[in-house]
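FYI, the numbering just counts along the sequence from 1.
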Amino acid sequence: SPGTHASAMATIPEIEVVAGCDIDTGAQAQFLERWGPTWPDAKVYSDYRELFANHRDLDLVSIVTPDHLHGVVLEAALAAGARSIFCEKPLSISLDEADRMVSAVRAAGVPMSVNYGRRWMPEYVEARRLIAAGAIGELVSVLLENGGPRAMLWRIHTHAIDLLTYFADAEPAWVWAELEPGMQDYGTEYKGDGGRDASKEPGVNAYITYQNGIRAYITGWKRNPQDYVVHLI
C-alpha cells in the first residue's frame with residue numbers, strides 16, 4: 001500500500017504532481033529520482049513560498065510539514081488560489097490555530113480533508129453502514145481500546161477521536177480525560193517533537209458525550225495492550 005502522499009497520488013492516473021517542497025536537499029533529490037519518470041515536469045523547492053509564487057491555482061495542495069507548520073503553509077496555499085487542501089494530522093498543535101485554519105478554508109470556500117485514513121478502511125465503513133441500517137439496534141456507546149509504546153495523544157489518539165466521532169455521527173458536547181501516570185502535569189501546550197520520541201507525548205483515557213446522547217470512551221495509556229479494538233454497543 002502507498003506509504004507517502006506521492007506514492008498514493010501515483011496510483012491515480014488523473015493526478016499530475018507539478019511541484020514538491022522540502023528544506024532537505026537530499027529529500028528533494030530522492031523525490032526527483034523516485035518520481036521523475038512518473039512526473040517528468042515536476043519541480044522541487046526549498047521554500048514553500050517560492051513554490052506558491054511559481055505555481056498558483058493548484059487543484060490540490062498536500063501539506064505534510066511538521067505539525068506546528070501546517071497553518072502557515074495553509075495560509076500561503078489559500079493566498080495562491082489552491083482549490084483543495086489535504087493536510088496531515090494532527091491539524092495543528094494549537095486549538096486556536098486549528099480554529100483559524102478551519103475558518104480560513106470555509107471563508108475561501110475551499111474543501112479540506114485531514115488525513116484520518118482509518119475512517120476509510122473497509123471494515124469501519126461497513127460497520128458504520130450496518131449501524132445506519134439498524135443492524136445492531138440503537139448505537140448507545142463506542143469504546144476504543146489502544147495502547148503500547150506509541151500510544152500518543154497527538155500521533156495515535158487523534159485517529160481514535162476521529163473514529164469515535166465518525167461512528168457517533170455527531171458533534172461532541174463535552175470531554176473528560178486523564179493523561180497517563182507521570183504525565184498528569186503535562187498541561188495543554190504541546191511539548192512533543194512531531195511524533196519521533198513517544199516519551200514526549202502522553203497517552204490518554206477519555207470519556208466523550210456527543211450531542212445526540214452517544215457516549216464514547218478511549219482507553220489509551222501506554223501500559224494498555226497495543227491492540228486497536230473498537231466496540232460498538
When you look at CD of Gln184, are more than 12 heavy atoms from neighbouring residues, nucleotides or ligands closer to it than 6.0 Å? yes

Non-neighbouring partners of Ala104 that pass side-chain contact (heavy atoms from CB on, under 4.5 Å), sequence neighbours left out: Leu78

Is the shortest heavy-atom distance from the side chain of Trp35 to the side chain of Met9 under 4.5 Å? no

NZ (Lys43) and CG (Leu51) are apart, to the nearest 0.5 Å, by 11.0 Å

Evaluate whether atom CG of Leu130 has more than 12 neighbouring non-hydrogen atoms of other residues, nucleotides or ligands under 6.0 angstrom away. yes

What I'd like to find out is whether the side chain of Tyr210 reaches to under 4.5 Å of the side chain of Thr165, using heavy atoms alone. yes

Between Trp154 and Tyr186, how do the two ring planes meet: parallel, tilted or perpendicular, split at 30° and 60°? tilted

Applied to residues 24-35, the salt bridge (charged side-chain N to carboxylate O under 4.0 Å, His left out) test, sequence neighbours excluded, yields none

Does any non-hydrogen side-chain atom of Val102 lie less than 4.5 Å from one of Arg106? yes

Looking only at heavy atoms, what is the nearest atom pair of Phe52 and Ala80, with distance? CB-CB, 3.8 Å

Ala198 and Met152: which non-hydrogen atoms are nearest, and at how many Å? CA-CE, 3.5 Å

Minimum heavy-atom distance Cys21-Ser46, with the two atoms named: SG-C, 3.8 Å

ring-ring contact (aromatic ring centres under 6.0 Å, His included) evaluation trace for Tyr217 with Trp176: CA-CA 10 Å; Tyr217 311 83; Trp176 178 92; over 10 Å; no

Residues pairing under salt bridge (charged side-chain N to carboxylate O under 4.0 Å, His left out) where one sits in residues 59-88, two or more places apart or in two chains, turn out to be Asp59-Arg83, Asp67-Arg155

How about Leu91 and Met101: do any of their side-chain heavy atoms sit closer than 4.5 Å? yes

Check the orientation of Trp39 and Phe31. Use parallel for under 30°, tilted for 30 to 60°, and perpendicular for over 60°. parallel

Hydrophobic cluster membership, Ile131 vs Tyr166, 4.5 Å side-chain cutoff: yes

Taking side-chain contact (heavy atoms from CB on, under 4.5 Å) as the definition, give me every residue that meets it alongside Asn224, ordered by chain and number, with sequence neighbours left out. Asn205, Thr219, Trp221

Is there side-chain contact between His231 and Ser141, with heavy atoms separated by less than 4.5 Å? no

Do Tyr48 and Thr65 make a side-chain contact, defined as non-hydrogen atoms from C-beta onward lying under 4.5 Å apart? no

Using a 6.0 Å cut-off, check whether atom CZ of Arg119 has over 12 heavy atoms from anything other than its own residue. yes

Validation row: Tyr190, Glu201 side chains within 4.5 angstrom (heavy atoms): yes

Quick one: are Phe167 and Leu144 in side-chain contact, heavy atoms under 4.5 Å? no

Taking all non-hydrogen atoms of both residues into account, name the closest pair between Pro181 and Arg223 and its distance. CG-NH1, 4.0 Å

Axial cation check for Tyr124 ring with Arg118, 6.0 Å and 45° limits: no

Can you name the residues that form a side-chain hydrogen bond (donor to acceptor under 3.5 Å, both in side chains) with Asp47, not counting sequence neighbours? Arg49

Pairs flagged by salt bridge (charged side-chain N to carboxylate O under 4.0 Å, His left out) wherever residues 188-200 is involved - sequence neighbours left out: none

Are Asn146 and Ile218 close enough, and set up right, to give a side chain to side chain contact (heavy atoms under 4.5 Å, CB included), and what steps lead you there? CA-CA 7 Å; Asn146 186 224; Ile218 301 172; 5.6 Å; no

Looking only at heavy atoms, the pair that brings Gly109 and Pro111 closest together is O-CD, 3.8 Å

Closest non-hydrogen atom pair, His157 against Gly203: NE2-CA, 3.6 Å

